[in-house]
Amino acid sequence: MPICDRYGRSVEEKWQEWWEKSGTYNFSESDASKPVYSIDTPPPFTSGELHMGHVLSYSYFDFVARYKRMRGYNVYYPQGWDCQGFPTEVKVESKYGRKPPKEFRQLCAKWTEEFIAKMRAQMKALGFSADWRYEYRTMDPSYHKKVQLSILEMHKKGLIYRSEHPVYWCTNCVSALAKTDTEDVSRETELHYVSFSLGGKPLLIATTRPELMHACVAVAYNPSDERYAKLGETKVETAFGKQVPLIPDSDVDKEFGTGVVMVCTFGDKQDIIWMYKHKLPVIRAIDEHGRLINTGEMGLDGLKCGEARAKILERLKAEGKLVKSAKIQQVVKVHDRCKKPVEFLLSMQWFAKITEKSEEIIDYAKKIKWTPSFGIQYLIDWARYVEWDWVISRQRVFGTPLPFWIDQKTGKAYPAEESELPFNPDLRPTKIGPDGQILHAESSTCDCWVDSSITPLVIGRWPEDKAFLSRVYPASLRPQGVEIVRTWAFYTIYRCSQLTSQAPFKEILLNGNVLAPDGKKMSKSLGNIISPDKLLTDYSADAIRQWAALSGAMAKDRPFSYQDMQYSKSFINKVVNAAKLVEKACADFDGSEAPRFSLRMVDRWILSRLSGIVSKATESFEGFQFHQAIKIVQDFFWHEFCDFYLEYAKHRIYQPEIYGHESKRAAQYAMRRVLLECCQLLAPITPHLSEEIWQSFRPGQSIHLSSWPESKSHEADPEAEEQVEFLNWVVSQARQHKADRKQPLNSEISHASISAPFPISDIEEEIHATARIKVINYALGSKSVSFA
RNA sequence: GGGCCCGUAGUGGAAUGGUUAACACGUCGCUCUCACACAGCGAAGAUUCGCGGUUCGAUCCCGCGCGGGCCCACCA
């Protein structure tokens, strides 16, 4: 099969079909002879399209998978899909409107399947070598079952509990949120100075949320604040005449406002901290829709916060208790999906204990090898900062049902039986409890991180297939984005270690984000999004993959670079053309012969260089330094093999009758070997290109199942490197000489005086034939050359 | 406020305690030489952010400063 004339998508598609048909990337469950390398790949959220971040990240671990396969590992590389999530609900609702839960879930699932199909096609088009027989989807009943089982296990261990607790709450979406569902927005607001009363004298407090005053349960000051430290009073009367304790607390900022703060339940996080610290009573200030409740005599129940605030300010003003109002900049948390401010609400939710496990989680994280090593710091910082347990329940529809039965009369929860899994309230909304009472299926669903934090176990067929599990778990590698260390990595380490007493993976490889070419984040609003599909058409998958490899240091954001793409495309073109030369040159050569010919100095040189390149590239792959690996091979291939070696070989190939048939064989042997071994070194990164060339020499055998090249130390040849470096220099000088005189490169130089610190008899032929120098005057001495 | 990362030719970016600091894109010449003009050959372009320190020697190690970026926390 001759090498393609022009490399492009049709070549790539040809090989993608061939690989699929041949089962090239199949994991073997029965083969015990090879060590297993298992990859806990990230299941992308099923948004319908891969973005460049996916492309970068998925390329990275595809490089690893392919490299390990060639290193003789039995690579287990499943690919899953993270299906359930708020964005899907939003999209489906906007398309179909509100529907009953059961029907809505079905619509979400159908929608998601379409998206998966699109994304899977993109992954295949990019040449990712997943074994699709092991595909999983978090929305499948079988996946639900494992999630629910893991929840029940953790419940048995006392790690999961149901409790009334303040949670981040979106009054717009009417659901509990995790902290990671929120983001910060800076805005301008008014700070109001309100007069409270302390033993008959006014005490000024400052607040941005006077509408919560009815939930004020204390007033706090900093004990080191001289203005208030010696007050001696313990009770304060609020502007509405309620007696509350006056408490000292060092968290109070002396500089802000008046240095005195009213503590409410629950204006913000600090209020909750104080509430717990000082064991303050709880007054529910607002309901789940963001309307005031429990305002008592104030009569403001049912009003939205904004309306209530206006009314209260009016009232305070009338009573002369509003001293002043000032504009300030404020950072508020908003729900990342709907951008509405987040409230704290006391709510019955399910929790997983993490605060008391944080050090244990860190210990497990330390058993994992992090690349880059500083990545673990993100997890440690996060784990040590965790203040509350993880709210694992969401008031959502398209999600994994929490496997519990609730007695609505007593509020008691009963875990589902294992035989009831997958637990599905659609199929069985109620049952009779142990005491004959009616139990209702819990209607909350799991936070999607609950689903994704057991991927290493799910792909390991936990818990039923212990033999399989022990082969692939802990996973050899967890690749993921650096921005989800505190979620995906953190929760996975936590959950899996609690369930198995083992860290879930041996190594973790972190990647950064792809920025737009201008260095900004890619976003729809900026219109700077780059679509992988477009790049695929314009440049090819292997060019995109080279861009990913070139994108450099790990866990660092990188602007997208069209220059790298262009260079990658040119490199592919170069390789194809060089391969065509070698293919033609080796038409009469059986490559399997041993190198029994007498190699010329230039052959020894290129093989010596090759052995160095193989060892450097191998080292780079071992350390996940793909930019280094690709660069080393590219530079060698282009600037040593193509620019010099192939030029040195041409006269021997084309004119064996002059230069000798043995010499031709030696050149054929060397060029073929360098070409094929370079293709192998490139195979993890440019799998299609490498396969195209490899199979033109070895039809029917995939390069991806070939053994990684060995660095042959006996071929290291300092003498050849020294002499040929000199030769290269002489040739460059000759080229420069011709360029200066505007002569074509194939013009002849009649005479050259050359001196070298060694005899040049072994490279003289190349000086004649490649530099086209007719007569050489040689003298032993320091390096020099002149032409006449 | 805390943690982390970074500052190298016009641009993007490697590498290194020690001779002229890669490579690519871009620029400027020359060449369509039988693999390749998606090319070849050549040229120009860098006080490796600043200041100190360690060292025989620093772009690299340390400190400070200046300037970017990411994550986290955050004041009622």
Side-chain angles (χ1 to χ4, degrees), chain A residues 3 5-7 179 184 189 191-192 205-210 212 216 219-220 251-264 267-271 274 328-333 372 374-382 384-387 482-483 485-486 512-513 515 517 519 521 539 543 550-585 625 627-628 631-632 634-635 638-639 642-643 646-647 650 654 731-747 772:
Chain A
I3 296 168
D5 279 331
R6 203 152 204 73
Y7 183 86
K179 191 158 65 168
D184 294 341
T189 190
L191 181 65
H192 306 285
I205 62 110
T207 179
T208 55
R209 302 201 64 183
L212 297 178
C216 176
V219 168
D251 283 351
V252 178
D253 185 345
K254 291 185 275 187
E255 307 300 321
F256 190 89
T258 60
V260 182
V261 55
M262 75 170 185
V263 181
C264 301
D268 64 43
K269 206 183 89 181
Q270 187 63 50
D271 286 317
W274 281 327
I328 56 160
Q329 275 304 118
Q330 177 195 39
V331 175
V332 289
K333 281 206 183 302
F374 64 78
I376 194 174
Q377 202 56 41
Y378 292 110
L379 182 134
I380 292 174
D381 288 350
W382 178 254
R384 299 226 160 110
Y385 261 115
V386 165
E387 285 159 311
V482 68
E483 75 282 2
V485 166
R486 66 202 172 94
N513 281 312
L515 305 173
K521 272 193 179 161
Y539 295 91
L550 284 167
S551 279
M554 224 64 60
K556 200 176 144 185
D557 290 353
R558 265 308 177 46
F560 177 79
S561 160
Y562 280 105
Q563 288 152 354
D564 283 351
M565 285 300 302
Q566 191 48 54
Y567 175 70
S568 302
K569 196 178 169 185
S570 305
F571 180 71
I572 290 171
N573 184 250
K574 190 75 187 173
V575 174
V576 167
N577 281 300
K580 279 199 278 199
L581 170 67
V582 176
E583 183 184 41
K584 227 189 291 173
Q625 301 295 314
H627 63 291
Q628 217 166 283
K631 208 65 207 152
I632 287 163
Q634 284 174 336
D635 286 349
W638 201 321
H639 301 299
C642 291
D643 290 351
L646 289 179
E647 296 303 322
K650 279 178 181 173
Y654 295 139
V731 169
S732 291
Q733 294 298 306
R735 284 167 175 168
Q736 204 168 324
H737 178 80
K738 291 172 191 176
D740 290 347
R741 282 159 187 70
K742 308 192 181 211
Q743 293 167 348
L745 281 174
N746 61 350
S747 65
R772 309 238 175 186

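Residue numbers begin at 1 in each chain, while the letters A, B, ... track the order of the sequences.
- An OP1 or OP2 oxygen of rA35(B) is reached within less than 4.0 angstrom by a side-chain nitrogen or oxygen of Tyr654(A).
- The P atoms of rG17(B) and rU59(B) are separated by 13 Å, rounded to the nearest whole Å.
- Heavy atoms of Gln330(A) sit under 4.0 angstrom from primed sugar atoms or phosphate atoms, though from no base atom.
- Side chain of Asp268(A) to main chain of Asp271(A): a donor-acceptor pair is present (N/O by atom type, distance under 3.5 Å, no hydrogens or angles).
- Atom CZ of Phe374(A) is separated from atom C1' of rC70(B) by 10 Å (rounded to the nearest Å).
- For the pair Ser570(A) and rA24(B), the criterion of a side-chain N or O lying under 4.0 Å from OP1 or OP2 is not met.
- The same atom, C1', is picked in rU19(B) and in rA58(B); the two are 15 Å apart, to the nearest Å.
- Of the candidates rG2(B), rA35(B), rA76(B), rA76(B) carries the atom nearest the Thr207(A) side chain, counting heavy atoms from C-beta on.
- Nucleotide rU59(B) forms no Watson-Crick or G-U wobble pair with any nucleotide shown, as no partner meets the under 3.5 Å limit on both distances.
- Across every strand in view, rG42(B) sits in a pair with rC28(B) that passes the Watson-Crick or G-U test at under 3.5 angstrom.
- Atom name C1', nucleotides rC61(B) and rU48(B): the rounded distance is 16 Å, in whole Å.
- A donor-acceptor pair is defined here as one N or O able to donate and one able to accept, closer than 3.5 Å; no such pair exists between the side chain of Asp381(A) and the backbone of Tyr378(A).
- Atom C1' of rU55(B) sits at a distance of 32 Å from the matching atom of rG69(B), rounded to the whole Å.
- The distance from atom NZ of Lys333(A) to atom C1' of rC71(B) is 12 Å, rounded to the nearest whole Å.
- As rounded to the nearest Å, rU27(B) and rC6(B) have P atoms that lie 32 Å from one another.
- Of the candidates rA39(B), rC38(B), rA35(B), rC38(B) carries the atom nearest the Arg6(A) side chain, counting heavy atoms from C-beta on.
- Side-chain contact between Asp251(A) and Trp274(A) is present, with heavy atoms from C-beta onward closer than 4.5 Å.
- Place Gln628(A) and Ala578(A) on RNA chain B by their nearest nucleotides, and Gln628(A) ends up nearer the 5' end.
- Backbone-only contact: Thr208(A) has heavy atoms under 4.0 Å from sugar-phosphate atoms and none from a base.
- The gap from the P atom of rC75(B) to that of rG12(B) amounts to 37 Å, rounded to the nearest Å.
- For rA15(B), there is no paired base (Watson-Crick or G-U wobble, both distances below 3.5 Å).
- Remark: rC70(B) base-pairs with rG3(B). Criterion, Watson-Crick or G-U wobble with two distances under 3.5 Å.
- The nucleotide whose nearest atom lies closest to any side-chain atom of Asn573(A) is, among rA35(B), rC36(B), rG13(B), rC36(B).
- Trp382(A) has no side-chain polar atom (N or O) that falls below the 4.0 Å cut-off from OP1 or OP2 of rG3(B).
- Residue contacts for Asp253(A): at a heavy-atom cut-off of 4.0 Å it reaches a base atom on one of the strands shown.
- Lys738(A) comes within contact range of no nucleotide atom at all, as no heavy-atom separation falls under 4.0 Å.
- Residue Asp643(A) is in sugar-phosphate contact alone, with no base atom involved, counting any heavy-atom pair closer than 4.0 Å across all strands shown.
- Taking the six-membered ring for Trp and thresholds of 30 and 60 degrees, Tyr567(A) and Trp638(A) have nearly parallel ring planes, at less than 30 degrees apart.
- Taking side-chain N and O atoms only, His639(A) has a distance below 4.0 Å to OP1 or OP2 of rA24(B).
- When the P atom of rG68(B) is taken as reference, atom CG of Leu515(A) falls 17 Å away, rounded to whole Å.
- Atom NE2 in His737(A) sits roughly 23 Å away from atom P in rG29(B) (whole-Å rounding).
- Note on Cys264(A): nothing from the nucleic acid sits closer than 4.0 angstrom, heavy atoms only.
- Taking the side chain to side chain contact (heavy atoms under 4.5 Å, CB included) definition, one finds that Leu581(A) meets it with Leu646(A), Lys650(A), Tyr654(A), sequence neighbours left out.
- In terms of position along RNA chain B, the nucleotide closest to Gln563(A) lies nearer the 5' end than the nucleotide closest to the other residue of the pair Gly257(A) and Gln563(A).
- Closest approach to the Val331(A) side chain among rA35(B), rC74(B), rG40(B) is made by rC74(B) (side chain taken as heavy atoms from C-beta onward).
- Taking atom CD of Gln377(A) as the reference point, atom C1' of rC6(B) lies 17 Å away to the nearest angstrom.
- A distance of 6.5 Å separates CD in Glu647(A) from CZ in Arg735(A), rounded to the nearest 0.5 Å.
- As rounded to whole Å, 7 Å separates atom P of rA24(B) from atom CG of Asp635(A).
- Between the side chain of Lys738(A) and the main chain of Ser747(A), a donor-acceptor pair closer than 3.5 Å is present.
- The side chain of Phe256(A) lies closest to rC75(B) when the candidates are rC75(B), rA35(B), rA24(B).
- In the interface, the side chain of Lys574(A) is paired with the base of rC36(B) through a donor and an acceptor atom under 3.5 Å apart.
- Per the geometry, CG belonging to Asn577(A) stands 11 Å off P belonging to rC38(B), to the nearest Å.
- Residue Gln736(A) places its side chain closer to rG42(B) than to any other of rG42(B), rA73(B), rC34(B).
- Glu583(A) places a side-chain N or O within donor-acceptor distance of the main-chain N or O of Ile3(A), the cut-off being under 3.5 Å.
- Residue Lys631(A) places none of its side-chain N or O atoms closer than 4.0 Å to OP1 or OP2 of rA15(B).
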Residue pair Asp635(A), His639(A): steps toward the side-chain hydrogen bond (donor to acceptor under 3.5 Å, both in side chains) verdict:
CA-CA 6 Å; Asp635(A) 286 349; His639(A) 301 299; 4.6 Å; no

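- Glu647(A) comes within 4.0 angstrom of a nucleotide base, judged by non-hydrogen atoms across all strands.
- In this structure rC75(B) sits in no base pair that meets the Watson-Crick or G-U test at under 3.5 Å.
- Distance noted for atom P between rG42(B) and rU47(B): 26 Å (whole Å).
- Remark: C1' of rA39(B) and CD of Gln634(A) are 16 Å apart, rounded to the nearest angstrom.
- rA46(B) and rA9(B) have their C1' atoms separated by 5 Å, given to the nearest Å.
- If you check rG40(B), rG42(B), rC4(B) against the side chain of Ser732(A), the one that comes closest is rG42(B).
- Closest approach to the Arg735(A) side chain among rA35(B), rG42(B), rA76(B) is made by rG42(B) (side chain taken as heavy atoms from C-beta onward).
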